[in-house]
Each structure stands twice: as C-alpha cells, then as structure tokens.
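Naming convention: chains lettered A, B, ... in sequence-line order (proteins, then strands); numbering from 1 in each chain.
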Amino acid sequence: MKLKALNGFKDILPGETELWRQVEDRARDVFARFNFAEIRLPILEKTELFARSIGETTDIVEKEMYTFIDKQITLRPEATASLLRAYIEHGLYVQKPVQRLFTVGPMFRHERPQQGRLRQFHQMDAEVLGSANPRVDAELMTMGSMLLAELGLNVSLELNSLGCPACRPAFRESLLSFLGSRQDALCEDCKRRSVTNPLRVLDCKNPNCRAIVADAPSIQEHLCPECATHFQAVQDGLDQLGIVYSLNKFMVRGLDYYCRTTFEFITADLGSQSAVCAGGRYDGLVEQLGGPKAPGIGFAMGMERLVLLLLQKEQKIEPPAEIDIFIAGLGGDASRLAFSLMQGLRKAGARVTMDLDARSLKSQMKQADKAGARHVLMIGEEELAKKAGMLRNMATQEQREIPFGDEGLRMLLEATAAGR
RNA sequence: GUGGGCGUGGCCUAGUUGGUUAGGGCACCUGGUUGUGGCCCAGGAGGUCGUGGGUUCAAGUCCCAUCGCCCACCCCA
C-alpha cells in the first residue's frame, strides 16, 4: 500500500458519517434553540493571529501548528481566534451589542496522535461576544450540557475561575512560593512547569504531585472582589437552571487568553483524553486583537470524542431504508426501460436505484435487500408483453402489477410515500 | 519530542520447538430455484505474511535495520 492518509488524519467512511450527522444535526438544533447563528470561517489565517491570541509561549503555538513558513500562514489550531478576527473585521459588534455565534469544522495540531486525539480533528465552537454578564456564562454551559445530554452522553461539568489580570498575578506569586519550597518532591515535568507555567502544576496527573498540590493555595480564594462576585453569580445561574457541576480549583486551561470562568465537560470513558467540551471566558482578547472592548466567552466540543463515546454505547442505530424502489430489469430491453423509468421516479422525488449490469434476478434481489430497498419493481419479458411491471413489497412479500405510463408512475409514488 | 505494544487477502484472525500447495470467519461473486431477497448448502475469486537485508538445506516463524499503525507521557477538544 503506497498511498495512504497521513498519520493523524482520518477518513470518515460511509456508515460512520451517519453518526457524525446525528451529532451535528443535534448540535444545530440545540444552538438554534439558544439563538446562536452560524458563522463559517476560513481554515487558513495569518500565523500572527494565533500567536497573538493563543499565546506565543503555549505548546500549540510553539510546536504544534501547521505553518507555511514562507507565507506566514497557518492552518487553524482552534476556532476562537478566527471567529474573533471575523467579528472585528466585519464590525459585527455594531450590528448587535451581543453576538451569539457558532461554527463547525476541522482544526489542525501537529501532536502525536492517540485515542481521541488527531492531527486533523473537528470541533463545534460556540461563542458569545459583547457581554460580561455571568448569566451568559451559565447559559453557555447550560447549552453545552443540554447538547451532551440530548446526545445521551454521561459527562460531568467541572467549573473554576482563573481570576483576571487584577488578581491572578498575586495568586501566581503565592503559588510560586508554595511550589518553590517543594521543588524536590515534584516530578520532572512539574519542575519545568514551575518555571514555564506554574498553574499547570495544579493539574498534573502524577499522583505524587497531586498529593503535594492538594495543599496548594486555591485560586478560588484569591479572587478579587469583582471576580469573586462574578464566579458566585455564575454558580447561581447554573443552580437556577438546574445544571449540576462541581468546583475544581485544580482545573486550568492551556490557552493564555482565558480569564475568570473556565469549565470542562469530562468523561471517564475516553482514556486519557477526558475532555469532550471545554471553554472559558476571555475578556480583553477582542481588544488585544485590535477590536472594541468586547468581553467574550466560548466553548469547543471535540466531535471525534463525541463520536467515540456514541460508538461505545453500542446503541445500534438501525440504518433507515435508503432506497424506495429498486428496479430489476431482466434482459436488454427491460434494462433499457428501467433506466428511463428510474430517472422519471427520481425526478418525482423517489430514491431509486438499479443494477446497471443487469445480472440475474436473484442477484438483483440480493442487491435490493442489501440496499434496504422497500420495493422492487421487476420488469422481464412477461412484464414487457403485458406492459406492466411487478412491484414487490420487500417487507410483506406482496406483489402486484403496475401498468407502465402515468397511472403506474402515480401508483409507484403512492407506494413510495406509504413506505416512508 | 519520550516510552511501550503491534504489523498475515477489503475487515477480524490461526499458524505449535523454523519443515511440503499459509488455514478459518465476515464480506464479495456464482450455483442449488430455465425469473424472486434475508436462512442454509456447495463452489469460486482474492495474500510480494509491512519493507529491505542476514542466518539456514529450509524463514510468516530466528537476527538486524527500516517504515507504518496503536496506546501512554507531554499537550489538549
């Protein structure tokens, strides 16, 4: 096998696409109920956009981006940056004080692939721009929660606040001094993280580090009054809407732009990639990218992770019959008639197919069965002589004559409609 | 970037201490029904055993190299 897809890039084959569509259709339905409008974005942007929004020193920007170096353009590693760029570029903030937008599509990160992690993966992103109201946070999480619930997935919501530029530095200092005194006990990764990104030590998976960090200062207790008020209001909103969540003071997010509210919907059924949906608030980012003072919050859902979970549930989705009528033509003349009859039925809206190779009737019946055909219209020498085809209902095995011509076409369409 | 595991027809796989034409299941095709699907039966097509080299009278099996995939670390949806 010479030509194959790149490592970390996957074909989504027929059979699986059905599940993907279920996920996406359900998402569009839920997003619509929450009054979100779709926005479609390019997947290539100037490298600078991602560097400035995600953060120059994040792993994503430092080593995971697919960049055309000579052109200084990059395949998007996430959607928020592009969405904000479009929001600013088209002055969407002028048209409506609060914009609620969603987008669906592929993202690219050059990471080592593993379960639930690909180099091209797909996300559904929802963002609310122009409001700092904590109810927006609660509403957005509610939307995510509803979608996951309607997909039948068992996930839990974890909530934290990362503070803001006013209070995070003080917390950082206090955390740094705490870590400083325990350097020797930390794992190698955490020693490194203590320097590069101390908050990251909080969510280390190493049990030893977890034990140490259990006594670390809590970000939730270091919030400034404004952030504390906001955080409490978010929780009140979730409580009011009946959304169950748990506070997790160890949860940090990887992207630089997050502030205040951060959250993750996590599952125990995906190996180590446990987050199926995650997001947070990013007040100040729009401004930082050259836009107005518009606060924002959003989340991203990993579609292949959702699909993996749905596949695990083994809820065998009976594929619906896909074909209304299979026309079995026996012999050259019948096959020729079937060919034009098929087109007439398709024009009238029916799903029709036939065996263009006109193999044996037995073979054609098998094909019809496999295609999930509800009816088979048989046309052989007898039928040609009688000027009427034989219509077989595949479920009931009943057969009846259908005359050629307009009257017959009407009967076929009736049978088709009744079968659906 | 770092570790571990695995590569046998389209898919899942058997292959014992190296020993005749690499076996089975699913799927596919044909026939059993001179024109009737699902079940069953019979037959058929389909494989450079990831690739290259080495050891040997003999390699799917042993050795080396290489490529690919998977899982985990890292990171994150």
Side-chain angles (χ1 to χ4, degrees), chain A residues 1-2 4-10 13 15 54 58-64 77-80 104-126 144 148 155 187-190 192-193 196-197 200 203-206 251-255 258 263-267 270-280 298-309 326 328-331 334 357-384 390-399:
Chain A
M1 190 46 159
K2 221 172 175 184
K4 47 191 318 230
L6 295 170
N7 189 14
F9 290 71
K10 285 273 180 293
L13 301 175
I54 297 168
T58 56
D59 277 25
I60 292 178
V61 170
E62 275 188 345
K63 49 196 184 195
E64 295 176 1
E78 58 118 36
T80 304
V104 180
M107 310 294 156
F108 304 84
R109 291 182 201 170
H110 191 107
E111 302 176 273
R112 202 64 161 259
Q114 68 184 72
Q115 163 114 234
R117 189 174 81 182
L118 295 173
R119 288 179 173 174
Q120 175 178 336
F121 58 103
H122 299 78
Q123 290 186 334
M124 301 186 291
D125 279 77
L148 293 166
V155 298
C187 72
E188 287 309 310
D189 282 323
C190 280
R192 174 176 54 79
R193 284 190 272 244
T196 59
N197 192 351
R200 273 278 162 206
D203 70 349
C204 180
K205 285 174 190 166
N206 183 310
M251 189 187 70
V252 257
R253 315 268 32 261
L255 285 48
Y258 285 118
F263 58 92
E264 280 183 4
F265 289 90
I266 62 175
T267 170
L270 273 184
S272 72
Q273 307 301 320
S274 56
V276 296
C277 172
F299 69 61
M301 277 198 192
M303 295 181 75
E304 15 294 272
R305 291 183 187 180
L306 296 178
V307 169
L308 277 175
L309 288 174
F326 186 105
L330 304 175
D357 292 330
R359 281 174 281 187
S360 70
L361 179 60
K362 176 171 177 165
S363 169
Q364 295 197 52
M365 291 300 291
K366 280 190 180 179
Q367 293 175 60
D369 187 52
K370 218 174 305 166
R374 274 175 287 263
H375 302 277
V376 173
L377 182 67
M378 287 171 279
I379 304 174
E381 279 177 36
E382 272 179 47
E383 286 75 16
L384 285 177
M390 186 63 79
L391 185 70
R392 177 183 179 85
N393 181 317
M394 293 294 273
T396 65
Q397 305 190 21
E398 288 166 338
Q399 300 190 176

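Separating the P atom of B/G10 from that of B/C57 is a span of 35 Å, rounded to the nearest Å. B/U13 and B/C62 have their C1' atoms separated by 23 Å, with the value rounded to a whole Å. The gap from the P atom of B/U36 to that of B/G15 amounts to 44 Å, rounded to the nearest Å. Look at the C1' atom in both B/G44 and B/G52: the space between them is 35 Å, to the nearest Å.
Annotation: salt bridge (Lys or Arg N to Asp or Glu O under 4.0 Å) contacts of A/E304 (sequence neighbours excluded): none. Listed by chain and residue number, A/Q399 satisfy the side chain to side chain donor-acceptor pair (under 3.5 Å) test with A/R392 (two or more places apart in sequence, or in another chain). With sequence neighbours excluded, no residue forms a side chain to side chain donor-acceptor pair (under 3.5 Å) with A/S360. In this view, A/N206 and A/C187, A/C204, A/N208, A/C209 satisfy the side chain to side chain contact (heavy atoms under 4.5 Å, CB included) rule, not counting sequence neighbours. In this structure A/R359 satisfies the salt bridge (Lys or Arg N to Asp or Glu O under 4.0 Å) test together with A/D355, sequence neighbours excluded. Scanning for side chain to side chain donor-acceptor pair (under 3.5 Å) contacts around A/D59 gives an empty result, with sequence neighbours left out. By the salt bridge (Lys or Arg N to Asp or Glu O under 4.0 Å) test, A/R193 pairs with no residue at all, sequence neighbours left out. With sequence neighbours left out, the side chain to side chain donor-acceptor pair (under 3.5 Å) criterion links A/D189 to A/R192. When the salt bridge (Lys or Arg N to Asp or Glu O under 4.0 Å) test is applied to A/R119, no partner is found at least two apart in sequence or on another chain.
Distance A/Q399 CD to B/G37 C1': 11 Å, rounded to the nearest Å. The separation between A/M365 atom CE and B/U36 atom C1' is 5 Å, rounded to whole Å. Atom pair A/M394:CE and B/U36:P shows a separation of 13 Å (rounding to whole Å applied).
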### Query
Which letters describe nucleotides 29-35 of chain B, given B = protein heavy atom under 4.0 Å from base, S = only from sugar-phosphate, - = neither?
SSSB--B

### Summary
Reading nucleotides 68-77 of chain B from 5' to 3' and marking B where a protein heavy atom lies under 4.0 Å of the base, S where only the sugar-phosphate is that close, and - otherwise, the string is SSSSBBBBBB

Can you give me the N/O atom pairs linking the protein to nucleotides 42-45 of chain B at distances under 3.5 Å, or say none if there are none?
none

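Looking at heavy atoms from C-beta onward, A/L306 lies in side-chain contact with A/L148 at the 4.5 angstrom threshold.
To the nearest 0.5 angstrom, A/L118 atom CG is 10.0 Å from A/E111 atom CD.
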